[in-house]
Asker: 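One structure, as structure tokens, below. Some questions next.
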There are 2 protein chains.
Amino acid sequence: MKQNNIIRPTEAELKILQILWISGPSTVRYVNDILNEKKDVGYTTTLKIMQIMTKKGFVERNKEKRTHIYKVVISEKETKNLLMNKFLDTTFGGSAAKLVMQALGNHKTHKEELKKIKDLIKKIEENE
Amino acid sequence: MKQNNIIRPTEAELKILQILWISGPSTVRYVNDILNEKKDVGYTTTLKIMQIMTKKGFVERNKEKRTHIYKVVISEKETKNLLMNKFLDTTFGGSAAKLVMQALGNHKTHKEELKKIKDLIKKIEENE
DNA sequence: AAATATATACGAATATATTCGTAGATGCAA
DNA sequence: TTGCATCTACGAATATATTCGTATATATTT
């Protein structure tokens, strides 16, 4: 499980990681198509980024066939947690509560989601 | 009130904004000292960034005295909201609830803060 | 089989952000 | 008043990220 301690995907990399986390192992073509739904990106651009991610160890690829298949190998939860910590730190001085308040205060949140959050709070309180 | 629509501070800029939001109008020297508590940064580096921010309209400076005083002119709340939306979008597919759950699940949160959050949730529910 | 489409590899151009050196002005202390 | 400290201005070096063109290989279509 040798892994470089510093998981710090760039923006472009993160966009691709999202797609791979949602869709599972994919080809460059597939990822590029999805990306292009939002904004034009050259095929070789996507390819290049995915090659860089391979070098960084974020993804692995199956080269058996001519068309390679890329698979994420870093944990979605862990990665998001790292990103969140960084974001918390740089934007909310490390206070999760502040962030939560701002997030809840400024976005439509569904009933079931609110319920989930309430349940979570209850659980946290019980474990005090 | 002509202002460029795209408020998108870089990391270095954000660090400085934080200091200015907390401390109010400050000199480059002051900001640089604070920055150096965490990591060595050359004085002229800080100066340069603050000059760039001036050009971008994030801050204004009082040049009356030889030592200029810099003051933030973009709203803390609004800026953080923009940053959060971007973060939400790129990291949690736009779901504030997911972000909140992850934030609460992974960080120590104080009682009073939890209470504030609960109150906020109540308020949101009432306004449905 | 030849033409066309689609892959990867990779260097290099471009864009953006960060860092710092140096010059010149101004203040201050000996 | 001379010299040292501290300030701004600004160009330029460096670092990092993104984008893409071109070469080459392999598959697919006609």
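Remember, predicted model here, so these are calculated numbers, not experimental data. Just so it is clear, the values below take in all heavy atoms, side chains as well, and ignore hydrogens, waters and symmetry mates. Lettering follows sequence order; numbering is per chain, from 1.
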Asker: Please state how far atom CD in B:Glu64 lies from atom C1' in C:dT26, giving the value in whole angstrom units.
Answerer: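 In whole Å, C:dT26 C1' lies 17 Å from B:Glu64 CD.
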
Asker: Give the B/S/- string for nucleotides 8-15 of chain D, one per nucleotide from 5' to 3', where a protein heavy atom under 4.0 Å of the base yields B, of only the sugar-phosphate yields S, and otherwise -.
Answerer: BBBBB---

Asker: Assign the ring pair B:Phe92 / B:Phe87 to parallel, tilted or perpendicular, where the plane angle (0 to 90°) is split at 30° and 60°.
Answerer: perpendicular

Asker: To the nearest Å, give me how far apart CZ (B:Arg8) and P (C:dT16) are.
Answerer: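 From B:Arg8 CZ to C:dT16 P: 11 Å.
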
Asker: B:Lys56 side chain N/O closer than 4.0 Å to the phosphate oxygens (OP1, OP2) of C:dT16?
Answerer: no

Asker: Less than 4.0 angstrom between a side-chain N/O of B:Thr45 and OP1 or OP2 of C:dT18, yes or no?
Answerer: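 Checking C:dT18 against B:Thr45, no side-chain N or O comes under 4.0 Å of OP1 or OP2.
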
Asker: Taking A:Glu11 first and then B:Lys86, would you say they form a salt bridge - that is, a charged N and a carboxylate O separated by under 4.0 Å?
Answerer: yes

Asker: Counting only N and O atoms by type, is there a donor-acceptor contact under 3.5 Å from the side chain of B:Ser26 to the main-chain atoms of B:Gly24?
Answerer: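 Side chain of B:Ser26 to backbone of B:Gly24: a pair is present.
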
Asker: Provide, to the nearest angstrom, the distance between the CG atom belonging to B:Asn32 and the C1' atom belonging to D:dT6.
Answerer: 13 Å

Asker: Strictly below 4.0 Å, heavy-atom distances to any atom of DNA chain C: list the hits from residues 10-17 of chain B, or just say none.
Answerer: B:Thr10, B:Glu11, B:Ala12

Asker: Just by distance, do the side chain of A:Asn32 and the backbone of A:Val41 share a donor-acceptor pair under 3.5 Å?
Answerer: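 Pair found, side chain donor or acceptor close to backbone of A:Val41.
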
Asker: In whole angstroms, how far is the P atom of C:dC10 from the CD1 atom of A:Ile52?
Answerer: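 My rounded result for the distance is 13 Å.
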
Asker: Atom CG of A:Leu35 to atom P of D:dC20: distance rounded to whole Å?
Answerer: 12 Å

Asker: Applying salt bridge (Lys or Arg N to Asp or Glu O under 4.0 Å), run through A:Lys15 and A:Glu37 and close with a yes or a no.
Answerer: CA-CA 12 Å; A:Lys15 280 184 197 151; A:Glu37 286 171 6; over 6 Å; no

Asker: May I have the distance from B:Met53 (atom CE) to C:dT18 (atom C1'), rounded to whole angstrom?
Answerer: 13 Å

Asker: May I ask you to decide whether A:Asp119 forms a salt bridge with A:Lys123, counting only side-chain N to carboxylate O separations under 4.0 Å?
Answerer: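 Judged by the 4.0 Å cut-off on N to carboxylate O distance, A:Asp119 and A:Lys123 do not form a salt bridge.
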
Asker: Between A:Thr27 and A:Tyr30 (side chain of the first, backbone of the second, donor and acceptor by atom type, cut-off under 3.5 Å), is there such a pair?
Answerer: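 Yes, the answer is positive, given that a donor and an acceptor are paired below the 3.5 Å cut-off.
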
Asker: Once you round it to whole Å, what is the distance between P of C:dT8 and CE of A:Met50?
Answerer: 9 Å

Asker: Just the rounded figure in Å: distance from C1' of C:dC20 to NZ of B:Lys39.
Answerer: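 Distance check: B:Lys39 NZ to C:dC20 C1' gives 13 Å.
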
Asker: Just wondering, do A:Val72 and A:Trp21 contact through their side chains at under 4.5 Å, heavy atoms?
Answerer: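 Heavy-atom side-chain distance check passes, below 4.5 Å.
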
Asker: Write down the atom of B:Leu20, the atom of B:Tyr70, and the distance for their closest heavy-atom approach.
Answerer: CD2-O, 3.9 Å

Asker: Could you tell me whether A:Lys55 contacts a base, only the sugar-phosphate backbone, or nothing, with contacts defined as non-hydrogen atoms closer than 4.0 Å?
Answerer: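 Counting heavy atoms under 4.0 Å across all strands, no contact is made by A:Lys55.
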
